[in-house]
Each structure stands twice: as C-alpha cells, then as structure tokens.
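We're numbering straight along the sequence, starting at 1. Just so it is clear, the values below take in all heavy atoms, side chains as well, and ignore hydrogens, waters and symmetry mates.
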Amino acid sequence: MDTLKKLLALALALTACAVFAAPAQAQGPGPEELLGLVPLSAYDGWLTYADLDAMAALYGAEMPAGTEEFWAMDGSPEEGRLMAAFLALSSGPPDFFRNMMKSREFLASSGFDFFHVRRVLEVGAPPDRQFWLAGDFGAQPIRDALAAKGYEQVNTGFAGREAWAPGGDLAGGGKTDLAGRDPYFLFGGTLGQSWPVVQMPGVIASGRGEAGMRAVAMREGPALTENAVISDALHAVRAYGGDGAQVAQLYLLTAGSAGLSGAGDLPEFKALAMAHAFTGGAQWTLLALSYPDAATAEEAARILRERLAGEVALPSGTTLQALVAARGG
C-alpha cells in the first residue's frame with residue numbers, strides 16, 4: 001500500500017519568528033542515516049533525537065569548533081544564544097548534556113570533544129537504553145581513553161563497527177564500582193560502570209545491555225528504518241515539512257510510551273512522530289500518526305478535523321488556538 005495512504009499528518013505552526021541564522025554545515029550522518037544504523041531490537045516504543053546544529057541555528061548561534069572555542073565565548077552574546085539553544089533541548093541522552101560545562105574534563109576522560117558532537121539519539125528504556133552520537137570524532141583518542149579504563153577490543157571492525165568492552169566482555173557493562181565513579185566518563189561512569197562502546201565512522205554508540213550492544217557490534221537484525229511503522233511516521237514528517245525543513249528535535253513513540261492509550265474515540269496509532277522543525281522564518285511542531293491501513297487513518301483524520309474545528313481547551317484556562325495566535329502562529 002502506498003506509504004502516504006497509510007499516514008495521517010497533522011501540523012501546527014506554533015510560532016512565526018524572525019528569520020533564523022542559516023544552519024552550520026552538518027557533520028556526521030543525518031537523522032534517517034543515523035536511525036538506519038540503530039537495530040530495531042533496541043526500540044521499545046521510546047526514541048528521542050536532536051540535531052545540535054539545527055537547534056543552535058534556531059537561536060541565531062553556531063556550534064563552536066571545540067571546547068576551547070566554547071570557553072573563549074565567555075560572557076558574549078554568542079554564548080548566550082548558544083546556551084538558550086541547549087536549554088531548549090528536551091530530547092537526546094541527558095548523560096551527554098550534563099557534561100557541557102565540564103567539557104575539558106569530559107574530553108580528557110571520554111576521549112572526544114563535547115562540541116564535536118552534532119546529533120544525539122536515545123532509544124529504549126533502562127537498563128537496556130542506548131545512546132548514539134554523530135559528529136566529527138578521532139577514533140584513536142577514543143581507543144586510548146577506553147584502554148585506560150580497562151577496555152579491550154571485542155572485534156576487529158565487523159562491517160566497519162569496532163566494539164570495545166571492559167575486559168573484552170560485552171556482559172560487563174552492568175558491573176558497578178562506586179569507588180571508581182567518573183562523572184566525566186560518558187559510558188556509564190556516573191554510575192561507576194563501564195558500558196560497551198561501538199565506534200563506526202562519525203558515530204559512537206553505547207549502552208549497558210549485552211544483547212543490545214552485541215546487535216550493534218555485529219549488525220544483527222533489521223534497522224529501525226526497515227520497520228514500516230517507523231519509516232512511515234518519519235516520511236510523514238518529512239513530507240509535510242518539505243525538503244527545506246530542518247528537524248531540530250524528534251520524538252518517536254508508541255501510544256503506550258506516550259501515555260496516550262485510550263484517547264477517547266480516536267483509533268490507537270502504531271507510532272507517533274513529534275518533531276520540532278523550522279523552515280525559513282517559522283518554527284513548527286509536526287505530529288504524524290502512523291496507522292496500519294488507510295481506512296483507520298482516514299477515520300482518525302475525520303475525528304481530529306472535528307475536534308480542531310472548535311476551540312481546544314487547555315488546563316491553563318486558555319485555548320490551543322489562542323495560545324498559538326498569541327505567539328504569532
């Protein structure tokens with residue numbers, strides 16, 4: 001069945017802002033390419049993604065070239081705009097973001113520069129949660145940092161994926177040594193753990209679970225984008241936003257993980273893609289609901305059209321329409 005016939009896409013223009021700065025040249029794979037590397041087995045209904053270049057551009061800033069360039073911004077308007085962009089982030093792995101203000105210590109312990117990361121992704125729930133980073137990484141400094149922590153290489157670069165684990169044991173990521181806690185070691189250091197790490201060109205993946213990281217290291221099973229529900233939801237966001245849309249943040253959720261099961265008479269969707277995007281001078285929230293067949297999607301579309309025809313009340317006492325209008329939408 002044609003992809004578009006299986007989709008319902010609802011888009012709300014939330015703000016019409018001043019023209020944004022042009023986004024910096026992207027580094028590392030884009031969202032579809034990055035999701036195409038993640039094994040489907042890692043997805044349990046929860047995935048969040050952020051493009052740091054796009055977020056910075058939304059606030060008229062650019063990602064600095066590295067840690068020392070960031071600290072040289074001290075007190076400047078550029079630093080203020082960049083910090084506003086990071087404060088607006090609600091997606092991606094918090095383990096990574098908490099290192100921003102300790103980026104020198106992070107570089108020394110984890111082996112790569114915080115500001116060389118351009119895209120971040122978190123998939124799944126603890127204890128098998130994974131995070132993925134895309135950007136401009138030097139492989140050898142990361143190898144050296146891991147070796148200093150007692151890591152050994154597990155494979156020799158299967159399909160371009162180089163796996164490292166504590167003592168060479170992919171099952172060792174859950175072992176805890178509170179005396180050896182290192183809050184600047186991204187790969188479980190805050191918990192006194194050492195999670196397996198997989199490197200590939202421009203990408204780093206890590207997580208505690210043995211089975212999940214083995215699937216990454218050995219490229220086992222289908223990728224996220226090979227699942228029709230997920231690829232359809234992503235396609236709907238892209239189709240509405242157009243080629244010029246910059247997706248700054250993305251949530252990809254099932255009804256249960258989104259807490260939206262049993263939403264009245266609305267048929268339960270298989271996936272919800274919620275994106276924070278921008279085009280030209282406007283910010284957008286794009287919502288795409290993925291259904292298994294055209295008839296169900298059309299019924300959902302009918303119900304939503306009827307609901308949105310009137311005023312949509314919010315808990316604050318105002319309406320959705322008034323809130324959007326107040327922000328120039």
Side-chain angles (χ1 to χ4, degrees), residues 29 34-49 92-96 98-99 106 109-112 117 119-134 137 139 142-227 230 252-254 256-257:
L34 184 58
L35 267 65
L37 297 173
V38 181
L40 180 62
S41 58
Y43 181 67
D44 63 0
W46 180 267
L47 181 146
T48 71
Y49 161 89
D95 325 54
F96 170 72
R98 70 169 60 102
N99 288 285
F106 174 83
S109 185
S110 295
F112 63 97
V117 176
R119 297 180 179 85
V120 296
L121 182 152
E122 181 181 51
V123 58
D128 294 323
R129 175 181 66 95
Q130 295 177 11
F131 65 80
W132 292 65
L133 312 177
F137 309 119
I142 298 174
R143 295 184 188 118
D144 293 342
L146 294 174
K149 297 285 187 182
Y151 280 67
E152 296 176 11
Q153 192 169 347
V154 177
N155 64 18
T156 56
F158 178 82
R161 302 184 179 204
E162 183 179 298
W164 290 73
D169 180 11
L170 287 171
K175 297 176 182 177
T176 300
D177 175 15
L178 293 179
R181 287 182 66 251
D182 180 355
Y184 312 120
F185 184 61
L186 179 62
F187 313 114
T190 301
L191 302 173
Q193 296 177 345
S194 300
W195 298 346
V197 177
V198 178
Q199 280 201 88
M200 54 199 89
V203 176
I204 302 170
S206 185
R208 194 178 96 175
E210 176 189 8
M213 292 312 296
R214 186 176 301 279
V216 175
M218 304 306 292
R219 201 172 184 178
E220 295 176 349
L224 278 172
T225 48
E226 294 178 61
N227 177 273
I230 292 173
L252 186 62
L253 313 171
T254 58
S257 63

Visitor: What pairs with R208 under salt bridge (charged side-chain N to carboxylate O under 4.0 Å, His left out), at least two apart in sequence or on another chain?
Guide: none

Visitor: Regarding E122 and R129, does a basic nitrogen lie under 4.0 Å from an acidic carboxylate oxygen?
Guide: yes

Visitor: Between CD of Q153 and CD of Q199, what distance do you get to the nearest 0.5 Å?
Guide: 9.0 Å

Visitor: When rounded to the nearest 0.5 angstrom, what is the spacing between CG in L178 and CG in L191?
Guide: 9.0 Å

Visitor: Please work out whether the ring planes of F187 and F112 are parallel, tilted or perpendicular, with thresholds of 30° and 60°.
Guide: tilted

Visitor: Does the pair I142 and I204 meet the rule for a side chain to side chain contact (heavy atoms under 4.5 Å, CB included), with working shown?
Guide: CA-CA 10 Å; I142 298 174; I204 302 170; 3.5 Å; yes

Visitor: Kindly state each residue pair satisfying salt bridge (Lys or Arg N to Asp or Glu O under 4.0 Å) with at least one member in residues 169-189, sequence neighbours excluded.
Guide: K149-D182

Visitor: Kindly compute the distance separating CH2 (W195) from CG (L186), expressed to the nearest 0.5 Å.
Guide: 7.5 Å

Visitor: With side chains defined as the heavy atoms from C-beta onward, is the minimum distance between F131 and V120 less than 4.5 Å?
Guide: no

Visitor: If you measure from CD on Q130 to CG on L121, what distance do you get to the nearest 0.5 Å?
Guide: 9.5 Å

Visitor: Between atom CG of L146 and atom CD of E162, what is the distance when rounded to the nearest 0.5 Å?
Guide: 9.0 Å

Visitor: Which heavy atom in P166 sits nearest to a heavy atom in G173, and how many Å separate them?
Guide: CG-N, 4.3 Å

Visitor: Would you indicate whether R219, at its atom CZ, is surrounded by more than 12 heavy atoms from other residues, nucleotides or ligands within a distance under 6.0 Å?
Guide: no

Visitor: What closest approach, in Å, do G168 and V154 show between heavy atoms, and which atom pair accounts for it?
Guide: O-CG2, 3.8 Å

Visitor: Applying side chain to side chain contact (heavy atoms under 4.5 Å, CB included), run through M218 and N155 and close with a yes or a no.
Guide: CA-CA 9 Å; M218 304 306 292; N155 64 18; 4.0 Å; yes

Visitor: Apply ring pair (Phe, Tyr, Trp, His ring centres under 6.0 Å) to F106 and Y184, showing your working.
Guide: CA-CA 5 Å; F106 174 83; Y184 312 120; 8.7 Å; no

Visitor: Restricting to non-hydrogen atoms, name the atom on V216 and the atom on R161 that form the minimum distance, rounded to 0.1 Å.
Guide: O-NH1, 2.9 Å

Visitor: Might you work through the side chain to side chain contact (heavy atoms under 4.5 Å, CB included) test for T190 and R98, ending with a clear yes or no?
Guide: CA-CA 11 Å; T190 301; R98 70 169 60 102; 4.1 Å; yes

Visitor: Per the side chain to side chain donor-acceptor pair (under 3.5 Å) rule, what does the pair list look like for residues 35-49, sequence neighbours excluded?
Guide: Y49-R119

Visitor: Indicate the atoms forming the closest heavy-atom contact of I230 with L224, along with that distance.
Guide: CD1-CD2, 3.5 Å

Visitor: For S206 and P196, indicate whether the former's side chain and the latter's backbone hold a donor-acceptor pair under 3.5 Å.
Guide: yes

Visitor: List the atom of A163, the atom of V198, and the distance in Å for their closest heavy-atom pair.
Guide: CB-CG2, 4.1 Å

Visitor: Can you tell me how far CG of L170 sits from CD of E210, rounded to the nearest 0.5 angstrom?
Guide: 6.0 Å

Visitor: Closest heavy-atom contact between M200 and W132?
Guide: CE-CZ3, 3.9 Å

